[in-house]
Amino acid sequence: MTQNPVPPTALSTRAVHVPVPTEVRGRPVSVPIYQTSVFAFDDADAITDALNDPRGQYGYSRFGNPTVRSLEQALATLEGADAAVATSSGMAAITTALSANLVAGDHLVVQASIYGGTAGLLADLTRRWNIRITEVPGDDPDALAAAIEPTTRLLYLETISNPVTAVADIPGMAAVARRHGVLTVVDNTFASPMICRPLHHGADIVVHSTTKYIGGHSDLTGGVVAYADPELFTRGWAYAIGVGMTPDPHAAWLTLRGLQTLPLRIREASANATELAARLAAHPAVQAVHHPSLPGHPQHRLAATLLDRPGAMLSFDLAGGAAAAKQFTSAVGLIQLAASLGGVETLTMHPASSSHRAYTPDQLAAAGISPGTVRLSTGVEDVEDLWSDIAQALQKVDA
Ligand SMILES: *Cc1c(COP(=O)(O)O)cnc(C)c1O
C-alpha cells in the first residue's frame, strides 16, 4: 500500500479506505479474484499505457482484468491460440468473432443447421447489415468452393453439431477457405479443447460457450474467442471492449475453477456417452443413435482422426415420435430435463419442442432431426445408474 501523507482520522473516511494488500510474499496457489472495476496509479501516463495494452497492464476492468486474463491465457494455451478474449456469454463470443470481422454487405458461408442462438444472430445481421448467407454441409469442401463469392468474408462451422453430432471437416473446409482469403470461425463448444483444437486444423478463430463444458457445473454464463493471429486478436479485443462484451471477474474465476477439471470430466463423460450410445443402439424402442463412436455415424472415420474422443453429447430417435420423446424426458429421474449441456450432471431435452421449435417439419428433416429425437448431455455419474434411469424411462414410452 502507498503511504498516505495525511492519515485520515474520521471513521467515515476510514470505512471507505480499507487496506488493499498488494505486497503478498508467497504466491497465491489459486488465482485470486480481482473484484475491482478500476486500478489506481501513481502517474497519469501509466494509466494511458495500461488502457491501450490488451496484453499488458490493467487500468479499467472492461479493458482487462487479471482474473479474466488468467482465463484468457489458460484457454489460449489449450486451443493453441496466440491470444484469447473472454466474454460474458457464448453469444457475446460469437458476436465478437463475427462482427469484428464483417462490414455491411459481406457474404458468409455457414454450416447448415447450426446452434439456434447463432442462427438467430445471423438472421439479425442479415436484416440489419445486409449480410448474405449461403448454407453448406460442414463436411463438403466442394460445396464450399462453389459457394464462395468475391465478397465472402467468413466460413462458420461447429466441430460437433446440435443435436445429431455431425462432425465438421475442419481441415478440408478451412483449406478451401484459406485459399480464397476467407476466415474460418469454429464453434468448438460441443467438443471442448480436450477433444478438438480447430486452430491446429487450419481455423483462424475458435469460439466457446464456456457456460457448457469449460465451466462444467451449470453455474455460470460465459464465452471465449481464441485467435491464431495477433492482428485478429487485437481487432477482436478492441471490438469486445468497445461494445462491452466483458465478463465479470467472479464469473471468470468460476470458469477457471471449472477448467481445471475439464480433462477429467471430458474423459469420464465421453466414456459414459460411448457406453450409453452402444446400449441405446441395441434397444428395441430406439430407431437410431447419433454419436461419433458408432460405426454407422456419417462422419465416423473423420471423427476418428479429428477428435481425441467421441464426446459426451449424443442423441437418439424414438420410434414412437414426439409423444414418445416427451414421455421419455418426463419419465427420467436422475437425469434432468433442461435446455443446456456440458455440466457434471446428465441432462436431456427434446429438440423438436425446445431448441428447434421454430423449425418446420421440412427443416427438421433437413437437419436430420426427427420428432422423436431426444438429446442427452452425458455427465460424469456412474454409467450403470445412468443406464438404469434410461432403461426404466424407455419402458414407459409407447412404441
Ligand atoms: C450454448 C451455446 C452457445 C451460446 O452460449 P451462451 O453461453 O448461452 O451464450 C453457442 N454455441 C453453442 C454450440 C452452444 O451450445
Derivation and outcome, side-chain hydrogen bond (donor to acceptor under 3.5 Å, both in side chains), residues Thr348 and Gln336:
CA-CA 6 Å; Thr348 189; Gln336 299 175 83; over 6 Å; no
Tell me whether the rings of Phe39 and Tyr34 are parallel (<30°), tilted (30 to 60°) or perpendicular (>60°).
tilted
Run the salt-bridge test on [X] and [Y] with the 4.0 Å N-O cut-off and return the result as yes or no.
X      : Y      : result
Arg279 : Glu275 : yes
Asp308 : Arg197 : yes
Arg55  : Glu72  : no

Using the side-chain contact (heavy atoms from CB on, under 4.5 Å) rule, take Thr159 and Ile170 through it: C-alpha gap first, then chi angles, then the decisive distance, then the call.
CA-CA 7 Å; Thr159 310; Ile170 299 171; 3.9 Å; yes
Taking atom OG1 of Thr118 and atom CD of Gln111, what is their separation to the nearest 0.5 Å?
10.5 Å
Hey, could you give me the CD1/OG1 distance between Ile241 and Thr87, rounded to the nearest 0.5 Å?
14.0 Å
Could you walk me through whether Asp317 and His290 satisfy the side-chain hydrogen bond (donor to acceptor under 3.5 Å, both in side chains) test, starting with their C-alpha distance in whole Å, then the side-chain angles of each, then the deciding distance to 0.1 Å, before giving a yes or no?
CA-CA 8 Å; Asp317 304 343; His290 313 282; 3.1 Å; yes
Please confirm whether the backbone N or O of Asp204 pairs with a side-chain atom of Thr184, one donor and one acceptor, at under 3.5 Å?
no
Verify side-chain hydrogen bond (donor to acceptor under 3.5 Å, both in side chains) between Thr373 and Ser370, making sure each step is shown before the conclusion.
CA-CA 5 Å; Thr373 300; Ser370 86; 3.2 Å; yes
Polar contact flag, side-chain donor to acceptor under 3.5 angstrom, Glu79-His208:
yes
Side-chain donor-acceptor pair present, His297, Thr165, cut-off under 3.5 Å:
yes
Aromatic ring proximity, centroids under 6.0 angstrom, Phe316 and Phe328:
yes
Least distance between heavy atoms, Thr378 atom then Ala269 atom:
O-CB, 3.4 Å
